[in-house]
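Here's the structure we're looking at; comments come further down.
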2 protein chains.
Amino acid sequence: MSAPTRRERLRTATLSEIKDGARRLLVTGGIEAVSLRAIARDMGMTAPAIYRYFPSLEALVGGLAGDLYDELRQHIETARDAAGPEPTEQLTQMCRAMRRWAVGHPAEFTLIFGNPVPGLAEFTDSCVDPDHPGARFGAVFLGPFVELTRSSRLPGPPTHELRRLLDGHLTPLAVKHGELPIEVAYAFLSAWTRLYGLVAMEVFGHLSWAVDEPEALFETELVALLTQMRPDDAGDGLTPGAARH
Amino acid sequence: MSAPTRRERLRTATLSEIKDGARRLLVTGGIEAVSLRAIARDMGMTAPAIYRYFPSLEALVGGLAGDLYDELRQHIETARDAAGPEPTEQLTQMCRAMRRWAVGHPAEFTLIFGNPVPGLAEFTDSCVDPDHPGARFGAVFLGPFVELTRSSRLPGPPTHELRRLLDGHLTPLAVKHGELPIEVAYAFLSAWTRLYGLVAMEVFGHLSWAVDEPEALFETELVALLTQMRPDDAGDGLTPGAARH
DNA sequence: TTGCGATAGTTAACGGCGTTCACCTTAATG
DNA sequence: CATTAAGGTGAACGCCGTTAACTATCGCAA
């Protein structure tokens, strides 16, 4: 409540200088360039001093990952808020924002969405905590899906089929975000894995053997994905049963 | 042509012993456990000896990655050959085989389909070579898609839309596998990124915050994906225009 | 004001890593 | 048989994370 003491100010300043240094190393040289000695060197310090701020390198990287989750989430929330009230339009802009951030920050994206870094396992596992940055991130994407189901039936396998295949297997999601209609949960997970596949393959370079301009493929997939999400308005041949007009 | 000399036999034996050791370390401790010193230790050798067989650790890991590509490809080819002649059925079994291998060999999957390992960049980039294990791998999945288009129209955005969005951006694919109808190329890439997203998220642990039993989600997505690929037989509401019945 | 304890930094060291170099042994070859 | 190349060793260099012992300084209470 009271004003921070001088000591506290110095401490938080050093703390963010450490994180800034770590991020700079991450961006320029990838995760394996992030070392306590290099961070300390850049700060004009010695490596053991950092142990006054983080118990280990892994903890430092974990903290950095949390910050990145929040940064990406805010980036996406901004895009959503600029998109107006229509959930489909919101989703479009959010997916684009996701890709834009990932392509513009490949090292950061890799850290939080790539292979679990050895010591980051506990960080990934601790996602059961709803306050976890990863869980907060997921909630942002879930929002428009919940909204979507108010106005229109979602496509995909029929409800009884979904129940047969998925019932009881989505408990972590239910625990975190409350009980959801199974169609909503499935539509969300389906879209999320598709978005992840597209973006991760591009950022990791697993698409370059086939595609020149990954953005073109992304936009094409995005159209297909969102057309499925909006069964009323029949943009193309993908729309189900209730034929337009 | 002639029988290998004694020296050659010893050399190839040592070479595969090195690779076996590397793989064992990869499986038990992840990529960061693979070190020249550890491999040599397990063989009763010293680390510099390995430089008679590989110019660097990165080269060794690159060779291992190539072997893994081939192993996975053969695993998937076996599944395809056991699935009979129907391309949709082939694709189903191939996707399942892909996931099975990935879940059963997470460290290996991570090596070839995760973040590019620092020194593996040149390996990834050299995929322009059609003899590259990665390119051969892609060709296996492409096969059934080409086959599919003979019997049925593929779903997805209409051709003129695909041309508008993708024309000229798929040249690497065309260079490698010959000119393909744009619907085939798109259907293939779409399915491939979806499969990748599902499998990679599961293996990397990015799904555990939402899903108990990733296989259930996988099977659900697989049904949805393949139903789209088979517009004639209308399993669910996803089938386009030409309404069944 | 003095003294004391927590805080933030240092240096030195341990063991691990990739890699290079000089050296040695052994196997194949003319 | 002499030579040459291949395969392997040991020592060393410069990285790395981490620990331990030590020191200076800052802020607060007697």
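Not measured: the values here are computed from a predicted model. Just the heavy atoms: all of them, side chains too, but no hydrogens, waters or symmetry mates, feed the values below. Below, chains carry the letters A, B, ... as their sequence lines are ordered, and counting in each starts from 1.
For the pair B:Leu64 and B:Val34, the minimum side-chain heavy-atom distance is 4.5 Å or more.
Residues passing the ring-ring contact (aromatic ring centres under 6.0 Å, His included) test with A:Tyr186, sequence neighbours excluded: none. Residues satisfying the ring-ring contact (aromatic ring centres under 6.0 Å, His included) test with B:His177, not counting sequence neighbours, are none. Qualifying ring-ring contact (aromatic ring centres under 6.0 Å, His included) partners for A:Phe218, counting only residues two or more places apart in sequence or in other chains: none. Residues satisfying the salt bridge (charged side-chain N to carboxylate O under 4.0 Å, His left out) test with A:Arg73, not counting sequence neighbours, are A:Asp70, A:Glu77. Under the rule for a ring-ring contact (aromatic ring centres under 6.0 Å, His included), A:His169 has no partner lying at least two apart in sequence or in another chain.
In this structure, CZ in A:Arg136 is found 11.5 Å from OH in A:Tyr69, a value given to the nearest 0.5 Å.
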Can you give the donor-acceptor pairs under 3.5 Å from side chains of residues 41-55 of chain A to other protein atoms, not counting sequence neighbours?
none

Result block: side-chain N/O donor-acceptor pairs under 3.5 angstrom for residues 17-24 of chain A, not counting sequence neighbours:
residue, atom, partner, partner atom, Å
A:Lys19, NZ, A:Asp67, OD2, 2.9
A:Arg23, NE, A:Glu108, OE2, 3.0
A:Arg23, NH1, A:Glu71, OE1, 2.7
A:Arg23, NH2, A:Glu71, OE1, 3.4
A:Arg23, NH2, A:Glu71, OE2, 3.1
A:Arg23, NH2, A:Glu108, OE2, 3.0

At a cut-off of 3.5 Å, list every protein nitrogen or oxygen paired with a nitrogen or oxygen from nucleotides 21-26 of chain D, distance to 0.1 Å.
residue, atom, partner, partner atom, Å
D:dC26, O2, A:Arg7, NH1, 3.3

Exercise for review: Apply side-chain contact (heavy atoms from CB on, under 4.5 Å) to the pair B:Tyr196 and A:Phe204, showing each step before the final yes or no.
Suggested key: CA-CA 12 Å; B:Tyr196 176 85; A:Phe204 298 164; 3.5 Å; yes
Exercise for review: Can you check each nucleotide of nucleotides 14-20 of chain D against protein heavy atoms at under 4.0 Å and return B for base, S for sugar-phosphate only, - for none, in 5' to 3' order?
Suggested key: --BBBBB
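Mapping heavy-atom proximity under 4.0 Å, the span of DNA chain C touched by chain A runs 5' to 3' from C:dA6 to C:dA13.
The side chain of B:Thr46 places an N or O atom within less than 4.0 Å of a non-bridging phosphate oxygen (OP1 or OP2) of D:dT9.
Using a distance-only test at 3.5 Å, with no hydrogens or angles considered, a donor-acceptor pair links the side chain of B:His206 to the main chain of A:Gly114.
DNA chain C lies under 4.0 Å from no heavy atom of any residue of residues 22-30 of chain A.
The salt bridge (Lys or Arg N to Asp or Glu O under 4.0 Å) contacts involving residues 198-208 of chain B comprise B:Arg99-B:Glu202, where partners must be two or more places apart or lie in separate chains.
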